[in-house]
Trainee: 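Quick one: the structure is below, and I'll ask about it shortly.
What you see is a predicted model, and the numbers here were worked out from it, not measured in a lab.
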Amino acid sequence: MSKKLSRIEFENARADVLCFDNGTEVKEYHAMIHVSQKRLTYAKQLEAVMNAYHGLLDRLPDTQAVFKRYFLSDAANQADDIVLADVTDCAKSIIEQAPLDGTKVALWVYLMSGVQTGLTKSGLYEARHGQFRHLWNASAHNLAANSEYQMRLLFNEYVMQLAEEGCKLADNCIRTWLFVNDIDLNYGGVVRARNQVFFTQGLTVHTHFIASTGIGGRQQDPNVLSQMDNYAIDGIQPEQIHYLYASTHLNRTSDYGVSFERGTYIDYADRRHVFISGTASINNKGEIMFPKDVEKQTQRMWENVEALLKEADCTYDDVMEMIVYLRDVSDYETVKSLYEERFPDKPYVITLAPVCRPGWLVEMECMAIKRQDKPEFPAF
């Protein structure tokens, strides 16, 4: 099926929206909401984003938000206002990753029609349809002594939340996002904690890991060194889950001591969901390609993502949203022009967020959805 970008203009903001509609009860929408007037105060910019979001809901009856992420330029001074302004019942991720178009706030929102949503007893947010519960968690954090202890506690708490929902990390968690304050300093602790927790939960190089993005990002409290968002599915069966490697282009992450999958796809009777992890300019030996050249790194990154999508029998035509992370503000105009030329019909946001290895200047992640006819699996 074809997907056509809808660019909806609101007062001082716009929403770039793609819809997946295969004629079934559940339609899926990804929207990136951007402020269009950079000189407005933060309060006015947030008001414009919230008005655009509510305006979008008015145009999409019977549609619920299942996940949101706010990208902020200064979380210490901005996050409280979002907590007060946004009281909708879904998982809300709030992170300092400045939108590089010069605005103070941008919003990615994932919406579905035909689902029931709510907060579970464990504290996870769910979207229910058919036999599946899609479980979202966002902005999890604590104030332990260092990034390693914080991440270990975050995963241990999440394991307990999943257990309360009758789920397991190894069987049900599909996607994580790990945000690291001062990533050059604190990423090593995050990696050690994840490796240890995964080993205790039966996640090894001989089984599988979890699709993930580990990226620079700051919370409101500067003492928070690690923040985590998660997505899991209750009711999923092992034969529905597949892992992506693109070994012609990428190496296994375990080769350099980390534990995540390059990508994961989920098959349902009527659609395929593809989750591409944070992907940079790397080859299948784990080497950084095109050091210090952001244009060539962007092109190699695209090639790597394309190889992962191809392994899931998808192309960029199936991609619903993109998040692009830059280490250096001065690379924005170059990367923006590249994206405008190649992906004028995709919702995306470009943010300031250093990648986990200093030599990587740019990284991207995305989600794709493709129509399927697989009656051997349950419908979405």
Trainee: Checking Thr298 side chain against Val335 main chain: does a donor-acceptor pair fall under 3.5 Å?
Mentor: no
Trainee: How many angstroms lie between OH in Tyr29 and OG in Ser113, if you round to the nearest 0.5 Å?
Mentor: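 Atom-to-atom, Tyr29:OH and Ser113:OG are 5.5 Å apart.
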Trainee: Would you find more than 12 non-hydrogen atoms of other residues, nucleotides or ligands less than 6.0 Å from Phe199 atom CZ?
Mentor: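 Atom CZ in Phe199 is not crowded, with 12 or fewer foreign heavy atoms closer than 6.0 Å.
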Trainee: For the atom pair CG (Leu18) and CD (Glu28), what is the distance rounded to the nearest 0.5 Å?
Mentor: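 Result: 12.0 Å between the selected atoms.
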Trainee: So do the side chains of Leu338 and Glu295 get within less than 4.5 Å of each other, counting heavy atoms only?
Mentor: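 Side chain of Leu338 against side chain of Glu295, heavy atoms only: contact under 4.5 Å found.
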Trainee: Under 3.5 Å, which donor-acceptor pairs link side chains of residues 344-352 to any protein atom two or more places apart or in another chain?
Mentor:
{"residue": "Lys346", "atom": "NZ", "partner": "Tyr316", "partner atom": "O", "Å": "2.8"}
{"residue": "Lys346", "atom": "NZ", "partner": "Asp317", "partner atom": "O", "Å": "3.3"}
{"residue": "Lys346", "atom": "NZ", "partner": "Val319", "partner atom": "O", "Å": "2.8"}

Trainee: Roughly how far apart are Asp234 CG and Leu162 CG, rounded to 0.5 Å?
Mentor: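 It comes to 9.5 Å.
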Trainee: Check for a donor-acceptor pair, side chain of Gln297 on one end and backbone N or O of Gly359 on the other, with a separation under 3.5 Å.
Mentor: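 Confirmed, Gln297 side chain pairs with Gly359 backbone.
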Trainee: As an exercise, state the distance from CD of Glu47 to CG of Asp81, rounded to the nearest 0.5 Å.
Mentor: 12.0 Å
Trainee: Would you be so kind as to tabulate the donor-acceptor pairs closer than 3.5 Å made by side chains of residues 115-124, with sequence neighbours excluded?
Mentor:
{"residue": "Thr120", "atom": "OG1", "partner": "Ser122", "partner atom": "N", "Å": "3.4"}
{"residue": "Thr120", "atom": "OG1", "partner": "Ser122", "partner atom": "OG", "Å": "2.9"}
{"residue": "Thr120", "atom": "OG1", "partner": "Leu124", "partner atom": "N", "Å": "3.2"}
{"residue": "Thr120", "atom": "OG1", "partner": "Leu124", "partner atom": "O", "Å": "2.9"}
{"residue": "Thr120", "atom": "OG1", "partner": "Glu165", "partner atom": "OE2", "Å": "2.9"}
{"residue": "Ser122", "atom": "OG", "partner": "Leu124", "partner atom": "N", "Å": "3.4"}
{"residue": "Ser122", "atom": "OG", "partner": "Glu165", "partner atom": "OE2", "Å": "2.7"}

Trainee: Check for me whether Lys68 meets the cation-pi criterion with Tyr53, that is, NZ or CZ under 6.0 Å from the six-membered ring centre and within 45 degrees of the ring axis.
Mentor: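 That pair qualifies as a cation-pi contact.
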Trainee: Using the ring centroid of each side chain, check whether Tyr268 and His273 are separated by less than 6.0 Å.
Mentor: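 Distance test on ring centres: under 6.0 Å, yes.
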